[in-house]
Amino acid sequence: MPELPEVETVREGLSRWVTSRRIATVEVRHPRAVRRYLPGAEHFAAVLAGRTILDARRRGKYLWLPLDSGDAIVGHLGMSGQLLVRPTEAADETHLRIRFTFDDGGTDLRFVDQRTFGGLAVSEGGATLPAEIAHIARDPMDPDFSDTDFVAATRRRRTEVKRALLDQTLISGVGNIYADEALWRARLHGARPTEALTGPAITRLLGHVRDVLGEAIKEGGTSFDALYVNVNGESGYFDRELNVYGREGLPCRRCGTPIRREAFMNRSSFSCPRCQPRPRTAARPTR
DNA sequence: CCGAGCACCTGTCAGC
DNA sequence: TGCTGACAGGTGCTCG
C-alpha cells in the first residue's frame, strides 16, 4: 500500500506532531509488529522509554525517527500499516499494535496494522541512516538520487521495465499504483525489456515517475478506503487523478480505448492497449 | 543475476 | 444467509 506519496504524507505528519517529544511509555500489543527487532518486544519498550524523537525521515517506503540516543525507530507500513497521532483517551483501534505515550501527555503515537505485514524496530546507531535499510536505493525525490546512475543501472538489467520500477534496490518508493501510472504517461508497456530501452526513453520514464509521485504528494497520497490515511486519519485525494490504476474497462483518458488489466506477480497491471502496446516478444538478448 | 512461486496476514466483495 | 474464492497499496525467502 502505501507507496512513497502516502509514506511521505505520514512522515510530514510525524515531523509536525512528534518531533521534540520525549517518549514516556511503549506498549507492544502484538509481537509481529516488532518481529524484525530480534531482542524482542520487552527490550523494544525498555530501550525507547525516556528517549526524545528528533526528526522524521524517509527513504522510499521506509520511515525512521532519529532519537537523542543516536538510535532510531525504523518502520515500514507494509500493506496496511498506519501511524496515527490520537488523543490518549481515544478508544483502542481494532488493529492497534503498538502505542507510544509521551511525557507531555496530550496525544499518543499509535501503530495500527490490519494485515501485520508492517512493523517497527529499533535501529542501533541508526539516526543518520538505519543499517536495516542500507540496501534500499535512494528514491527519486531524494536530492542525491542520480538520474544518470539510474539510467545506466536500468539498462544493465535484463528484466522487464515494470519489474525494474518495483525493484527497491534500483529505485525506491515506487509501488504497483505509481508504476502503472508512470508507464501510462510514458506510453510504455510494463513488459518492455529494459535492455531494449534507450537512455532517453528511461530518462523520460523517470521524469514521469517523479511527476506522478510529486503530484500525489501534493494531494496527500492515494486512498480508496480508510486503510490509507495520514497521522490524523484523513484520506488523500490522488485517486481522482489516476489514469489507469483500477480503471479496467473504462476509457483511456488519452485515446478512449478501454483500459486492460493483466495478471502480474500475483496482482494486477493496468494499461491502455493502444497507447501501451505489448512488446512483440519477451525479453531477449540484444546481441 | 534473474524470475517464479510462495509465505506472511486480515478484511471485503462478488458470485453462487 | 452463508460459503467460497479472488483480490488488496509490500517485502523477502527459496529454488531453479
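Naming: A, B, ... by sequence-line order, numbering from 1 per chain. Predicted model, so just to flag it, every value in this text is computed and none were measured.
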**Study point:** Base-pair map of DNA chain B as dot-bracket, where | denotes pairing with a different strand and pairs are Watson-Crick or G-U under 3.5 Å
**Key:** .|||||||.|||||||
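Taking atom P on both nucleotides, dA6(C) is separated from dG5(B) by 15 Å, rounded to a whole Å.
In this structure, the ring pair (Phe, Tyr, Trp, His ring centres under 6.0 Å) partners of Phe150(A), at least two apart in sequence or on a different chain, are Phe145(A). Residues passing the salt bridge (Lys or Arg N to Asp or Glu O under 4.0 Å) test with Arg57(A), sequence neighbours excluded: none.
Separating the CD1 atom of Ile177(A) from the C1' atom of dA8(C) is a distance of 10 Å, rounded to the nearest angstrom. When rounded to the nearest whole Å, the span between CG of Asp225(A) and P of dA8(C) equals 13 Å. In this structure, Met265(A) atom CE and dT11(C) atom C1' are separated by 10 Å, rounded to whole Å. Atoms CG (Asn266(A)) and C1' (dA7(B)) sit 11 Å apart, rounded to a whole Å. Going from atom CD of Glu6(A) over to atom P of dA8(C) covers 16 Å, rounded to whole Å. Here the P atom of nucleotide dG9(C) and the CG atom of Asp180(A) are 9 Å apart, to the nearest Å. Between the CD atom of Glu181(A) and the P atom of dG9(C) there is a distance of 13 Å, given to the nearest Å. Between Arg156(A) atom CZ and dC2(B) atom C1' there is a gap of 15 Å when expressed in whole angstrom units.
Ion pairing between a basic and an acidic side chain is recognised when a charged N comes within 4.0 Å of a carboxylate O; Asp149(A) and Arg138(A) show no such pairing.
In this structure, Tyr62(A) and His76(A) have perpendicular ring planes: the angle between them is above 60°, well past the 30° mark.
For the residue pair Asp108(A) and Thr88(A), a side-chain donor N or O sits within less than 3.5 Å of a side-chain acceptor on the partner. Under the 3.5 Å distance criterion, with hydrogens and angles disregarded, a donor-acceptor pair is assigned to the side chains of Asp113(A) and Ser80(A). With hydrogens and angles left out, the side-chain atoms of Tyr37(A) and Glu132(A) include no donor and acceptor closer than 3.5 Å.
By the neighbour-count criterion of 12 heavy atoms within 6.0 Å, atom CZ of Arg274(A) is sparsely surrounded, having that number or fewer from other residues, nucleotides or ligands.
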Revision key, fill the gap. Quick tally for nucleotides 8-14 of chain B: nucleotides whose base has a protein heavy atom under 4.0 Å get B, sugar-phosphate-only ones S, the rest -, giving BBBS---
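At the heavy-atom level, Ser268(A) lies under 4.0 Å from the strands shown only through sugar-phosphate atoms. Among the protein residues, Tyr178(A) comes within range of no part of the nucleic acid, since none of its heavy atoms lies under 4.0 Å from any strand.
Between the side chain of Asn232(A) and the backbone N or O of Glu234(A), no donor-acceptor pair lies under 3.5 Å.
Under a hydrophobic clustering in which Ile, Leu, Val, Met, Phe, Trp and Tyr are joined whenever their side-chain heavy atoms come within less than 4.5 Å, directly or via other members, Val28(A) and Val18(A) fall into the same cluster.
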Can you check nucleotides 12-16 of chain C for protein contacts, nitrogen or oxygen pairs under 3.5 Å, and list what you find?
residue: dG12(C); atom: OP1; partner: Tyr62(A); partner atom: OH; Å: 3.2

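OP1 or OP2 of dT11(C) lies within a sub-4.0 Å distance of a side-chain N or O belonging to Lys61(A).
Here side chain to side chain donor-acceptor pair (under 3.5 Å) pairs that include residues 167-176 of chain A, with residues two or more places apart or in two chains, are Arg157(A)-Asp167(A), Lys162(A)-Asn176(A), Asp167(A)-Thr169(A).
Annotation: cation-pi geometry not satisfied between Arg253(A) and Trp184(A) (NZ/CZ under 6.0 angstrom from ring centroid, within 45° of ring axis).
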